[in-house]
Amino acid sequence: QIYRASTTAPVNIAVIKYWGKRDTALNLPTNSSLSVTLSQKSLRTHTTASASSSYSGQDSLILNGEEEDIQSSKRTQACLKHLRSLRAELEDKDSSLPKLSSFPLRLVSSNNFPTAAGLASSAAGFAALVRAIADLYELPQSPEQLSLIARQGSGSACRSLQGGFVAWRAGTEADGSDSKSQEVAPVEHWPTMRALILVVSAEKKGVPSTAGMQTTVETSTLAPARFTEIVPRRMKEIEKAIQEKDFETFGRITMQDSNSFHAICLDSWPPIHYLNDVSRAAMNAVETANRKAGKIIAAYTFDAGPNAVIYYEKENAHLVAGVFKNVLARVSGWEGEFSDEIRPNEY
Ligand code: DP6
C-alpha cells in the first residue's frame with residue numbers, strides 16, 4: 001500500500017525584508033519580517049508526498065522533473081527529521097496507525113514559475129514540502145507550529161503557511177522555539193490590495209540569499225542599525241498601516257525597506273548587487289506615478305534579484321499599468337514581461 005498526500009503552497013513577497021541570520025544552523029533571523037501571501041493561480045509549488053513499506057532506498061525528491069540531492073541538504077534533512085519525529089509520537093500513542101515514520105518518503109514537486117529567479121521559490125517549496133508531509137502523516141500541528149519546521153528549510157518559507165498579511169516574529173529564544181509566523185490580517189481585511197510582478201530576468205540569481213546575507217551580517221557597517229532600530233520600528237508602523245488600510249504608509253515603508261535591504265547589500269564586502277538598470281527604471285516609474293498622483297498609489301519591492309513586485313490598490317490599476325508600459329518601453333534591449341494582476345491569497 002502507498003500512502004499519499006498532495007498540497008500546494010503560495011509564494012509570499014516581503015514588504016519588511018528578512019536579510020541576516022543570528023543562527024545559521026537553526027535559520028534564526030536578525031530581525032522580524034512581514035509579507036503578503038500571493039495568489040496560487042500565479043505562483044505556487046505543488047508537492048505530492050508518499051510513503052510505503054514497499055519503497056526501497058532513501059528519501060527522494062524530484063523537483064520540476066529532476067532528482068535533487070536531498071541527502072546532502074542539511075535543511076531538508078532537518079525538516080524531514082522533525083516531521084518524522086512528530087509522526088513517531090502519534091504512532092507511539094496509537095499502535096493501530098501504520099508506521100509511516102519508518103518508510104522511505106518520495107516527494108515530487110513542481111513550480112509554475114522559474115526556480116531561484118528571486119521569485120521566492122524556496123519559500124513556496126519548503127512550505128509545500130512541510131505541508132504535504134504533515135498531511136501525509138496526519139499531524140495535528142497548526143500552521144504556526146508547522147512554520148517552525150518550514151523555517152529550518154528556508155527562512156522565508158515560514159511565512160508561506162498562512163494567507164493574507166503574515167509576520168515572521170524573529171523571537172529571542174536560543175533554540176528558535178519562538179521564531180515563527182503569525183497572521184497579522186487575513187486577506188479579506190484589505191480586499192483591494194493587488195500585486196504585479198515585473199519579470200526582469202528569469203535567470204538564476206547571482207549571489208544566493210543564504211551566502212549573501214551571511215556576508216552582510218559579517219561586513220556591513222549599516223546592518224546593525226537596521227536589525228536593532230530600523231526594522232523593529234517599521235514592523236510596528238506597517239502593522240498599524242495594515243490594520244488601518246493606510247496604503248500611503250504601507251507603500252512608503254515597503255519602498256523604504258526594500259531600499260534599506262539593497263543598501264546593506266551594497267554596503268557588504270564584497271558588495272552584493274541584485275538590482276539592474278531595468279529595476280532602477282521600474283523604481284523611477286513608480287516614483288513618477290506617485291508624484292503625478294500627488295500621493296503614494298504604488299510601491300515597489302525587490303528581493304534577491306532584479307524582478308520588481310509592485311503593490312497597489314485595485315482602483316489604481318490603470319495608472320500603474322499605464323505608466324509602467326510607457327517608461328519601460330524606453331529601456332532598450334529589455335525583453336522581460338509583466339505578470340497579470342495578482343491578488344493576495346486567502347490560503
Ligand atoms: C530577500 O528565505 O531564501 O527574499 O533562509 O537562507 O533560505 P534562507 O533565505 P531565504 O531569504 C529570502 C530573502 C529575501 C527577503 C524575504 O523574503 O524576506
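As the structure is a prediction and not an experimental result, all values here were calculated from the model. Note that ligands are numbered from 1 as they come in the structure, with each ligand's atoms numbered from 1 the same way.
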Next item on the list: For ligand 1, indicate whether the residue N27 contacts it via side chain, backbone, both or neither (heavy-atom separation under 4.0 Å).
Entry: side chain

Pairs of nitrogen or oxygen atoms closer than 3.5 Å, one from [X] and one from ligand 1: do any exist?
| X | result |
| --- | --- |
| N12 | no |
| S156 | yes |
| S154 | yes |
| G155 | yes |
| S33 | no |

Margin query: By the ring pair (Phe, Tyr, Trp, His ring centres under 6.0 Å) test, which pairs, at least two apart or in different chains, include something from residues 24-52?
Written below: none

Next item on the list: Would you indicate whether the side-chain heavy atoms of T37 and V187 approach each other to under 4.5 Å?
Entry: no

Check: When you check the gap from the basic side-chain N to the acidic O, do R87 and E91 get nearer than 4.0 Å?
Finding: yes

Notebook entry, point to check: Out of R159, R75, Q152, whose heavy atom is nearest to atom 17 (O) of ligand 1?
Noted result: R159

Check: Can you tell which of P208, S160, P29, S209 gets a heavy atom nearest to atom 3 (O) of ligand 1?
Finding: S209

Give a yes/no verdict on whether any heavy atom in [X] is under 4.0 Å from an atom of ligand 1.
| X | answer |
| --- | --- |
| F126 | no |
| S122 | yes |
| M213 | yes |

Notebook entry, point to check: Any sub-3.5 Å donor-acceptor pair from D303's side-chain atoms to I13's backbone N or O?
Noted result: no

Next item on the list: Can you establish whether the number of heavy atoms outside K99 located under 6.0 Å from its atom NZ is more than 12?
Entry: yes

No-hydrogen, no-angle side-chain donor-acceptor test under 3.5 Å, [X] and [Y]:
| X | Y | answer |
| --- | --- | --- |
| S156 | N12 | no |
| Y18 | S35 | no |
| T7 | R131 | no |

Check: For R234, which residues count as a salt bridge (charged side-chain N to carboxylate O under 4.0 Å, His left out) partner, sequence neighbours excluded?
Finding: D257

Check: What atoms of ligand 1 come within less than 4.0 Å of a heavy atom belonging to K21?
Finding: 5 (O), 6 (O), 8 (P)

Checklist line | Those atoms of ligand 1 less than 4.0 Å from some heavy atom in F261 | finding: 1 (C)

